[in-house]
J.: 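Dropping a structure here in structure tokens format, bear with me for questions.
Counting starts at 1 for both ligands and their atoms, in listed order.
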Amino acid sequence: MKELIVATRNKGKIHEIAALLAGLVDQVSCAADYADFPETIEDGATFEENALKKAREAARFTGLPALADDSGLTVDALDGCPGVFSARFAGEHAGDAANNALLVEKCQNVPEGRRQAAFVCVVAFVTPEGDERLFTGRISGQILSSARGEGGFGYDPLFLVDGFERSMAELTLEEKNRISHRAQAIGAFMEYLHTMELVNNAD
Ligand code: ITT
């Protein structure tokens, strides 16, 4: 594929997605490459709705095939919250630090063994011709009572990955990109590109 717009303003996401797509797409651009990229209002009730909305607006605005990622953390003990509100858990313009502090607070009375959670990622691919596809990934883990690790972004320091002794923020980019919710969704998207013979190389 020659050109793809990744409709995100999240630097952590673009870093991971660009590494995953390396070699398959000649040119990957993102919202930051455009002065007046539209701000999509994420008012959907599901990751699927929000991902589609972002990808549709990006494809319309750029005239390019567009990929959007809507993702978040679902915590069983919080009835699935923050879910689609993950980016604004602690308020409309809250950053990672405020969101993480609120997560620690909300989980402080949740005992060990009841701290199950999952990261979910839905990737929408929309072409200017109107073709639309959705790809999903999910990884389960436990919410930690305090932050561990410096890598990744968002809730990574508070997410102990099931089957690992480490938080998501203690994994390298390569390790996270082998197992994460995003890696699974982008992996399914890459398979689709291969099936449709939309990739450059034949491998
Ligand atoms: P865009 O809409 O511009 O892509 P955003 O950060 O607003 O950026 P979302 O609405 O999809 O994206 O919100 C996702 C939030 O979920 C993100 O801000 C993180 O707080 C969290 N999140 C998603 N994937 C994550 C990951 O891999 N590690 C840690 N936190 C993650």
J.: Between Ile5 and Asp33, is any pair of side-chain heavy atoms under 4.5 Å apart?
T.: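 Counting from C-beta outward, Ile5 and Asp33 never come under 4.5 Å.
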J.: Can you check whether Ala87's main-chain N or O pairs, donor with acceptor, with Asn99's side chain at less than 3.5 Å?
T.: yes
J.: Atom 10 (O) of ligand 1: which protein heavy atom is closest, and how many Å away?
T.: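 Protein heavy atom with the smallest distance to atom 10 (O) of ligand 1: Glu42 OE1, 2.9 Å.
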J.: Do Ser71 and Asp69 have a side chain donor and acceptor closer than 3.5 Å?
T.: yes
J.: List ligand 1 atoms under 4.0 Å from Asp69, heavy atoms only on the residue side.
T.: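 The atoms of ligand 1 under 4.0 Å from a heavy atom of Asp69 are 4 (O), 11 (O).
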J.: When you compare ligand 1 with Arg9, is there at least one nitrogen or oxygen pair between them that comes in under 3.5 angstrom?
T.: yes
J.: Starting from atom 16 (O) of ligand 1, find the nearest protein heavy-atom neighbour and note its residue, name and distance.
T.: Ser86 CB, 3.3 Å
J.: Using the test side chain to side chain contact (heavy atoms under 4.5 Å, CB included), find all partners of Glu3 that sit at least two apart in sequence or belong to another chain.
T.: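 In terms of side chain to side chain contact (heavy atoms under 4.5 Å, CB included), with neighbours along the sequence ignored, Glu3 is linked to Gln27, Leu64.
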J.: Heavy atoms only: which of Phe159, Phe153, Phe85 lies closest to atom 25 (C) of ligand 1?
T.: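 The nearest heavy atom belongs to Phe153.
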J.: Starting at NE2 of His181, measure out to OG1 of Thr136 and round the result to the nearest 0.5 Å.
T.: 12.0 Å
J.: What's the shortest distance from atom 23 (C) of ligand 1 to any protein heavy atom, and which residue and atom give it?
T.: Ser71 OG, 3.2 Å
J.: Return the closest protein heavy atom for atom 4 (O) of ligand 1 as residue, atom name and distance.
T.: Thr8 OG1, 2.6 Å
J.: Less than 3.5 Å between some nitrogen or oxygen of Asp96 and one of ligand 1, yes or no?
T.: no
J.: Which residue holds the protein heavy atom closest to atom 9 (P) of ligand 1, what is that atom called, and what is the gap in Å?
T.: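 For this ligand atom, the closest protein heavy atom is Lys13 NZ, 3.5 Å.
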J.: For ligand 1, does Met168 get within less than 4.0 Å through its side chain, its backbone, both, or neither, judged by non-hydrogen atoms?
T.: neither
J.: I need the nearest protein heavy-atom contact for atom 8 (O) of ligand 1: residue, atom name and distance, please.
T.: Asn10 CB, 3.5 Å
J.: Enumerate the side chain to side chain donor-acceptor pair (under 3.5 Å) contacts for residues 105-124, please, sequence neighbours excluded, ordered by first and then second residue.
T.: none
J.: Is the closest basic N to carboxylate O distance between Glu42 and Lys53 below 4.0 Å?
T.: no
J.: Supply the atom-to-atom distance Ile143 CD1 to Phe159 CZ, rounded to the nearest 0.5 angstrom.
T.: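 It is 6.5 Å, given to the nearest 0.5 Å.
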J.: Quick one: sort the Tyr34 and Phe61 rings into parallel, tilted or perpendicular, breaks at 30° and 60°.
T.: perpendicular
J.: For Lys176 and ligand 1, answer yes if some heavy atom of the residue is under 4.0 Å from a ligand atom, otherwise no.
T.: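 Yes; Lys176 lies near enough to ligand 1 that a heavy-atom distance drops under 4.0 Å.
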J.: State whether the shortest distance between N or O atoms of Glu16 and N or O atoms of ligand 1 falls below 3.5 angstrom.
T.: no
J.: Should Asn99 be listed as contacting ligand 1, given a heavy-atom distance under 4.0 Å as the test?
T.: no
J.: Taking Asp70 for the side chain and Glu49 for the main chain, is one N or O donor matched with an acceptor at less than 3.5 Å?
T.: no
J.: Nearest 0.5 Å, please: how far is CG in Leu78 from CG in Leu103?
T.: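 The distance works out to 6.5 Å.
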J.: Find all atoms of ligand 1 within a distance of less than 4.0 Å from any non-hydrogen atom belonging to Gly154, and give their numbers and elements.
T.: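 Once the distances to Gly154 are compared, the set is 29 (C), 30 (N).
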J.: Within less than 4.0 angstrom of ligand 1, does Asp156 place any heavy atom?
T.: yes
J.: In the protein, which heavy atom is nearest to atom 18 (O) of ligand 1, and how far is it?
T.: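 Among all protein heavy atoms, the one nearest atom 18 (O) of ligand 1 is Ala87 CB, 3.5 Å.
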J.: Judged by atom type as modelled, is there a donor-acceptor pair below 3.5 Å linking the side chain of Tyr192 to the main-chain atoms of Phe135?
T.: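 A pair under 3.5 Å: no.
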J.: What are the atoms of ligand 1, with element, lying closer than 4.0 Å to any heavy atom of His181?
T.: 24 (N), 25 (C), 26 (C), 27 (O)
J.: Who's the nearest protein heavy-atom neighbour of atom 24 (N) of ligand 1, and how far?
T.: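 Heavy-atom neighbour on the protein nearest atom 24 (N) of ligand 1: Arg182 NH2, 2.9 Å.
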J.: Report yes or no: does Gly72 have a heavy atom closer than 4.0 Å to ligand 1?
T.: yes
J.: For ligand 1, does Phe89 get within less than 4.0 Å through its side chain, its backbone, both, or neither, judged by non-hydrogen atoms?
T.: neither
J.: Sub-3.5 Å donor-acceptor pair from the side chain of Asn50 to the main-chain atoms of Gly44, do we have one?
T.: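 Judged by distance alone, yes, a pair lies under 3.5 Å.
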J.: Please list, in number order, the atoms of ligand 1 under 4.0 Å from a heavy atom of Asp70.
T.: 9 (P), 10 (O), 11 (O)
